[in-house]
Structures are given as C-alpha cells and as structure tokens.
Undergrad: 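Pasting a structure below so you can have a look.
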Amino acid sequence: MARRENRWDLGGRDLGLVLAEARLHGGRSLARDAWARFRRDWSALGALAFLVLLTGVSLLAPLLPLPSPTTMNLENAQAAPVLPWEQPVDYGYSGEHPGLNRVDALLVKLRFKALGSRQTGPWMGTDGKGRDVLARVVWGSRTSILVALAAALTSLLIGVSYGAVAGLVGGRTDRLMMRAVDVLQSLPFIFVVIFVLALLNAPRDELGAEPLLGRQTVLFVVIGAVWWLTMARVVRGQVLALRGAPYVAASRAMGASTAHVLRVHVVPNVLSIVVVYLTLTIPSVMLFEAFLSFLGLGVASPGVSWGVLAADGVDAIHPLKVSWWLVVFPAAAMGATLFALNLVGDGLRDALDMRGEGGRA
Amino acid sequence: MSVLTVEGLRVGFDTPRGRVQALEDVSLRLEQGQTLGLVGESGSGKSVTALAILRMLPRGARYETGSVRFEGRELLTLPERELRAIRGNRIALVFQDPLASLDPLCTIGQQLEEVLEVHARSSRAERRRRVCEALAEVGLPAPDALLARFPHELSGGQRQRAVIAMAILCRPRVLLADEPTTALDVTLQAQVLDLFDELRERHGTAILLVTHDLGVVARAAQRVAVIYHGRVVEEATASELFGTPLHPYTLGLLAAMPRLDAPLEHPPRPMPGAPPAPLDTPHGCAFEPRCPFKVRRCASDRPPLAAWRPGAERAARAAGLHFLGGRRAACFESERVAAVRAGRDAEGRP
C-alpha cells in the first residue's frame, strides 16, 4: 500500500528542528491573505492613507500654525480665500483659545512659544464673523472624529456583547433582547435629542446655572444609544450562524466547553464582520452628528464641528454677496472623509470575504 | 465484548408543530475492534443516533427513553462535565464535511493541539509530538509542514485525514463516523475506509459507520444495522445481510443498488413510495405502505425486532466458529423475504 510507504516517522530527528522547519514552511493565515488582498486594492489603500493623515492633522491641530478658530475679526469678515503661495504667512495669532482641555491648552501654549504670532494665511477665506475657515475645518474634524470613535466604541462594547449573548443563549432571552432592540430602533431619535436637551436646559434658564450635561455629552449619549443597535443585530445573526457551524459542533464533540468554543472559535470568526461593519458605521455617525449640529441640536458655539460649518454655510446663500468658500471647503472635507471611510470599508469587506479568490482551495 | 450499547433509545424534537419522533426505538451494540455500519435513507435517524450517543443533539431534542452505556456508565444522564471528558477522548466523532469541521482561522496544529489541551495535561512539546504522530498515522506525509497550515490550504483528502487524526489523537475506544466518506471522491473514500480498518485492527477501536452508501458498508463493516423511520429494522453480519436480507426494506435497498456484476436484464429497481412524514407515527410497521410483502396485521401491529434463528449462537459455538452475534429483524414475514432472495440466487431472477 502506497499509504504505508509514505508514512512519516519522527524517527531520530530532533523535534525542535522539525518544528522550526514547520515554522519556515509557514501557513498563510486568512488575516495575512486579507491584508495582501487589501494592499492590492490601491483605492482602499489611498483612502486609508488619507484617513491616517486626517487623524494626525486633527490630533495635532493645537500644534499647527493655524489661526484661532474662534477669534472673530469683523474687519476681515467674509474675506475670499487666497492661494497659499500668494500669502503663505500671516501674523496676528494671539494664543487665546477659550474652552480647551488641559492637554490642548498646553499644546497651544507650546505652539505660541515656538511660532509666536505666525499663522497661515486665509487659504480658505474667512466666515461672516471673520474666523478662519481652514482653522475651523481642522478643529471641526476633531469633533467629527471624536463622535465617530465614541460610536465605534459603544457599538463595539455594547453591540458585540449584547448580540453575542442573545445569539448564544437563544430561545426566549434572545427574543426578549431583540424586541428591546426593535423598540429602541423605532424611536425617532431627533425627538429624543430635542426632548433630552429641553429637559436639561430647563433648570438652567430658571436658576442661571450650568446644565447637568453639556450638549456634547448629550450628543454622545444619544449616538451611543443608537449606534450599537444594528451592530447587536449583525453580531447576533453571525453568532446564530456560527453556533450551527460544523467546526463549532466538532469542537464540542472534542469535549470543549462552551466558554472555550466561544473564545477560540466564535469570537475570532465574528471579528472580521465586526471590523467591516464598524468602518461602514463611522461615516453614517459622522453624518448624523453633522445633521444634528446643523439643526442646532449638536455642538453649540463656540464648539466647532463640520455640522456647525454646514449651518454657517447656509448664511453664504446670499443674493448680494456670494461666499462659495463657506460651503465648498467644509463640504469637500466632509465628503472626502466619508468617501475614504466607505472605500476602506469596501476594501476590507472584499479583503475579508473568504468566498473571494484564494479563499477556498 | 461490547464497548458501547444503545438500548431502546427514543429521541424526539420539540417543534412548533408538535413532537417529531426522530428515533422510535434504536438498539445497537458496538464491539471492540469491530465496525458497525448504520444504514438508512435521509431522515431515517442515522445521524441523530450518532449525535445522541454523545448527547450532542441541538437544543429542543428530548431524550425520552432508553440508555446509552459506555464503560459501565450511563451517558444519557451523565453530568455535562463528565460527558465532556468523554467526548473526543474516549468516544470521538468524525463529521461529514471535513472543510466545515475545521475552523478557518486556526492552523491544523492549533486545532489538533486544542483537543489535547482539553483532555490531557502535557507540555507543549509533548502535544506537538503527539499531533505529529497522529498526522503521520493517518498517512499524511510530512506532518511537520502541515502543522502551520490553514485548512483552506489543504486538499479535500488531507482535510479529512486531519479531521480523523484529530479524532484518534486521544486513542478513543469508540469512533463515531457520521458519513465520513460522503464528501469525498471514490479514491479518497477507499483510502479513508482503509484507514478505519487499520485503526480497528491496530488499536481495537470500535467504529460506528453511519452512511447511506451500501457499497461503503459492504466494504468496511462487519455488522450492519438498517434503520428506517427511527427504528432498527434489521441487524446482521454484513455477509448475512447482503446474502439473505430478512426485512423487505433491506431487500428493496439491495435491489436498488447498482451493481457492476448484475446481468443487464436486472437493472437496479428504485423503491417505490416515500418514508412516512416525520410527524407521523404509524400504528403498525412504518414500512407497511411501501411493502410488497405486507399482510393485514402489518398495519395495526408493530413487528418487534426479534432474534432470527435463536439457535445460531449455540450452533456457531458448537462448530468452533467465532460467533459474530445473532441477527435480528423487525418483520412478520421474514421467512418469505428470505425465501425471495434465496430463490433469486438459485434461479437467477426474483
């Protein structure tokens, strides 16, 4: 029998050597395959690079030589943008920047020490109150990214665990948990936001005190409450499918406990879908934030966000004086970011899709 | 010597439309170093039987009556914790689809080691060594190179071997194989069946081979149990069963089997009719509507699985032969069924 002949025997060979050899041969994990596929997708790769750049710029905003996004200068209101090489440097930065947290304030101070009053010229023009649009776009991106991260985190923590529990436990618990999700999902969230803000603002008007929760906090709470719902559904569906997967049954047949099966087989297999879903969630959260801010329900002045900029852009619609830069630049920044996020999400989905080429041998 | 005995196992599933009786009455005996083929058509309860032995049936399954005894313990009432120590260790299960039973995110080495992690306290090096040995034992060349491979990088045959290696890692006394060859081509089928034979001979493993393929049974099993609508209707040694079937269902199965050596005038004849719907529980014999041998009482009384020629064991012992076990059939008209096959063999036609 041929089978007997090619039987392999560890024989006298050193086990360590054999295993080193095995590592050398290596296996291509699906993650590595996915990364290789993702790298070939130049549009997704470019989008990823753009997002990394954007995140870097918005994180380092206090250090960048930008004008203050909140300092008004009514003499220079609604100034048209100039090309960067025509006026690369401007002076007039005062180092004043109210409403910053301690770290940012420190960074701003650092920047003021190093660069003095130097700042970039009005490359994107100024708004109706003479504030620099470029600075506002950059500082506004921080809010958008923060909100996106908050949504990602809540949907990751609440959504994944909630969905996994519902899918694994199943039965009546599952039905009850998913009905709760349905109820939450059917609430009109705009009204919820208005209601909560109205509740929180009422005592302030009467007593002249600060509200219990700032508007930004309310925004975060509301977004957190909405954005884990779909994630919970997605994860639950996936876990339900995985619970019946033959390799899960095989692992149980090998005597593995439920906890072990969850840890070793279910969670890693759900993860790829979670990652893809997350990258596709973030743009819609950004849009939601912009929408709420546009309506005046989100970030309140002096805070800046892309939604606030869009609301400012409405002022640019003026029959006598056309200030196109108030609309174009914020819209371009937001559009590019959403586009990049969607490209990355699509690229990830293609890369992680095992049914694609190279999946099944 | 019986390693595993299933007695009068009755299993139902609770569904919104009522209780579906998956197993009505299943009794099996697995002997050391012997392969028992469990044959039946789709939905007859073959796989349910294999899964029920390890209490691996999905939620909603009700183990109503009967017993599954292994090494003097009752598996149906064993605490989950103790049962887990048996699963994969003393009794191993091999599934049908080798690709689907391997986690796509784990290497072959990781998955096999996982079994040892669960059951054996041993060092990492020791585990690696045992995994390599098991892979070599199932005839996978150069197992060292396989350890770091992922399932999608293996061929179908390699995967099935890896799955079998996983099952024999802990040297189980019983191997339950649920359609292990269905997903494989004929060449690989033969190799896997050879492998089972070797395990059986070398380690005395008792094998339950669940299949719908009579060819596989003829090749690999010493004893055969035929299951129909959740009941064992006939049990015999393979040669007896293929020689003179005692149940009309077995006879029908054999007649429906294409054979290379059959004369052209006797093409395979498919069995007419279909098995009863899962929710049906007929009063009499479940095969009665399709049976060409039926008599009046078949519709009202249920024929028990009764020993055929009870003197056979004594006769075999007296003749100094190894007794493979009595044969049993659940049919009132076994005599007539047996006569048909005998007549056909003598005259060359039914």
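Just so it is clear: chains get the letters A, B, ... in the order the sequence lines come, proteins before strands, and each one is counted from 1.
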Undergrad: Out of B:S101, B:G88, B:P172, return the one with the most heavy atom pairs under 4.5 angstrom to chain A.
TA: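 Among B:S101, B:G88, B:P172, the one with the most close pairs to chain A is B:S101.
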
Undergrad: Do A:Q185 and A:R233 get their side chains close enough for a donor-acceptor pair, meaning under 3.5 Å?
TA: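 Side chains of A:Q185 and A:R233: pair found under 3.5 Å.
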
Undergrad: Side chain, backbone, both or neither: which part of A:V248 has an atom under 4.5 Å from a heavy atom of chain B?
TA: neither

Undergrad: Given B:I108, which of B:V163, B:V131, B:L147, B:L102 fulfils the side chain to side chain contact (heavy atoms under 4.5 Å, CB included) condition?
TA: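 Option passing the side chain to side chain contact (heavy atoms under 4.5 Å, CB included) with B:I108: B:L102.
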
Undergrad: Heavy-atom distances under 4.5 Å only: say whether B:E114 touches chain A with side chain, backbone, both or neither.
TA: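 When you check distances to chain A, only side chain atoms of B:E114 fall under 4.5 Å.
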
Undergrad: Can you spot which of B:L176, B:V210, B:L93 makes a side chain to side chain contact (heavy atoms under 4.5 Å, CB included) with B:L51?
TA: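 Only one option passes, and that is B:L93.
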
Undergrad: Does the pair B:Q191 and B:R161 meet the rule for a side-chain hydrogen bond (donor to acceptor under 3.5 Å, both in side chains), with working shown?
TA: CA-CA 9 Å; B:Q191 288 177 9; B:R161 278 160 196 255; 2.4 Å; yes

Undergrad: Side chain, backbone, both or neither: which part of B:N89 has a heavy atom under 4.5 Å from chain A?
TA: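 The answer is neither part of B:N89.
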
